[in-house]
Amino acid sequence: MGSDNYQIPWDSVNSGGEDTGSSTNYQLHDTIGEQATGFSTSTDYTLSAGYRVGDYLRNSIGFNVGTQENSTQIAYSSFSTSTKSVIVTDASGFAVDDLIGVVENQGLTENVAVGKIKHIVGNTLYVDAWDGNPSVINPTPSGGNDFVYRLNGSSAVLGTLTSAAGNTSLTVARVTSDAQNGYTVSVSDDGDLRNAHGDAIQNVSDGEVTVGHQEYGWSALGSYAMNTGTDNPFSTMTPTAIQHSDTFTIQEERTALVYKAAINSGTPAGNYSHIVYYTLTANY
């Protein structure tokens with residue numbers, strides 16, 4: 001309800017309550033007489049019912065990034081989108097609420113799925129939802145380079161590069177937001193991927209990081225991903241959008257970002273690194 005100068009974003013008829021109940025150590029906001037309150041969702045709609053839900057509708061926004069921990073690499077034998085599960089050879093290294101990434105045919109054209117573990121039965125990990133491109137992952141892996149990782153690292157470790165193969169590292173970007181018009185996540189960097197001598201691996205310029213070519217970039221996958229379908233360069237001057245939503249949500253939204261690097265026989269040896277910045281902005 002609204003007019004030219006005022007708006008009532010929610011209202012409720014009740015038998016009592018108090019907005020400012022307090023004591024020396026506690027504060028209470030209570031309402032008496034409501035029924036069927038709280039959050040409800042379906043495939044296409046979200047319902048926020050009750051007067052007190054307004055306390056949670058004050059705009060807030062949160063962000064987290066986690067990269068694959070190579071030390072947790074484990075093979076898997078079965079993957080399912082219908083049951084939201086993956087069967088690994090040993091589940092002892094995983095726990096409920098871990099973020100995990102499934103990588104099929106690890107390499108520059110790998111397929112990935114990311115999700116949060118909800119429960120574990122034997123060696124089966126059940127997640128809340130899969131994001132990335134899970135629909136193209138085969139139920140039974142056959143490539144011999146299919147793995148599950150925990151996604152809780154802070155560095156994208158690409159390992160030892162050779163001209164015979166490209167290397168990758170999976171990252172998941174996680175956003176919780178109730179900004180009314182959604183949000184945008186962008187990436188930028190502090191300069192080229194470089195070593196201590198100033199040698200650099202150049203950013204990809206043709207849309208694809210290719211084995212045997214000296215190239216570096218990223219690809220984004222998922223329901224909320226931006227600039228998909230191509231390998232993109234990192235930019236120092238202009239942040240590039242990787243994730244976007246233009247609506248209000250109460251659920252965590254995720255995008256899979258795959259770092260990709262390749263070298264040729266003339267690439268100087270050394271430890272290459274740079275800093276990547278993730279920027280989360282509410283849409284206004």
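Starting from 1, each residue takes its place in the sequence as its number.
- Between Leu99 and Lys116, the closest side-chain pair of non-hydrogen atoms falls below 4.5 Å.
- Follow the hydrophobic side-chain contacts under 4.5 Å out from Tyr216 and you reach Tyr272 in the same cluster.
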(request) Show your reasoning for whether side chain to side chain contact (heavy atoms under 4.5 Å, CB included) applies to Val276 and Phe234. (result) CA-CA 8 Å; Val276 175; Phe234 288 97; 3.8 Å; yes
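- The shortest heavy-atom contact between Ser154 and Thr67 is N-OG1, 3.5 Å.
- Listed by chain and residue number, nothing satisfies the side-chain hydrogen bond (donor to acceptor under 3.5 Å, both in side chains) test with Asn271 (two or more places apart in sequence, or in another chain).
- The two residues Asp98 and Arg150 make their nearest non-hydrogen contact at OD2-CD, 3.5 Å.
- The structure places NE2 of His119 at 10.0 Å from CG of Leu125, a figure rounded to the nearest 0.5 Å.
- The line from OG of Ser177 to CD of Glu253 is 7.5 Å long, rounded to the nearest 0.5 Å.
- Ion pairing between Lys260 and Asp231 holds under the 4.0 Å rule for side-chain N and carboxylate O.
- Ring to ring, Tyr224 and Tyr183 are not that close: their centroids are 6.0 angstrom or more apart.
- Counting only heavy atoms from C-beta outward, the side chains of Tyr278 and Thr171 approach each other to under 4.5 Å.
- Other residues, nucleotides and ligands contribute at most 12 non-hydrogen atoms within 6.0 Å of the NZ atom of Lys84.
- One hydrophobic cluster holds both Ile201 and Tyr259 under the rule that ILVMFWY side chains link at heavy-atom gaps under 4.5 Å.
- Summarising the geometry of Ile242 relative to Ala173, their closest heavy-atom pair is CD1-CB, 4.4 Å, with the distance given to 0.1 Å.
- Considering only heavy atoms from C-beta on, Asp192 comes within 4.5 Å of Asn203 through its side chain.
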(request) Assess whether side chain to side chain contact (heavy atoms under 4.5 Å, CB included) is satisfied between Asp146 and Phe79, documenting all intermediate values. (result) CA-CA 11 Å; Asp146 310 292; Phe79 174 83; over 6 Å; no
Going by atom type alone, with no hydrogens or angles, which donor-acceptor pairs under 3.5 Å involve a side-chain atom of residues 135-142 and a protein atom two or more places apart or on another chain?
residue : atom : partner : partner atom : Å
Asn138  : ND2  : Glu104  : OE2          : 3.0

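- Interatomic distance, Thr236 OG1 to Ile275 CD1, rounded to the nearest 0.5 Å: 11.0 Å.
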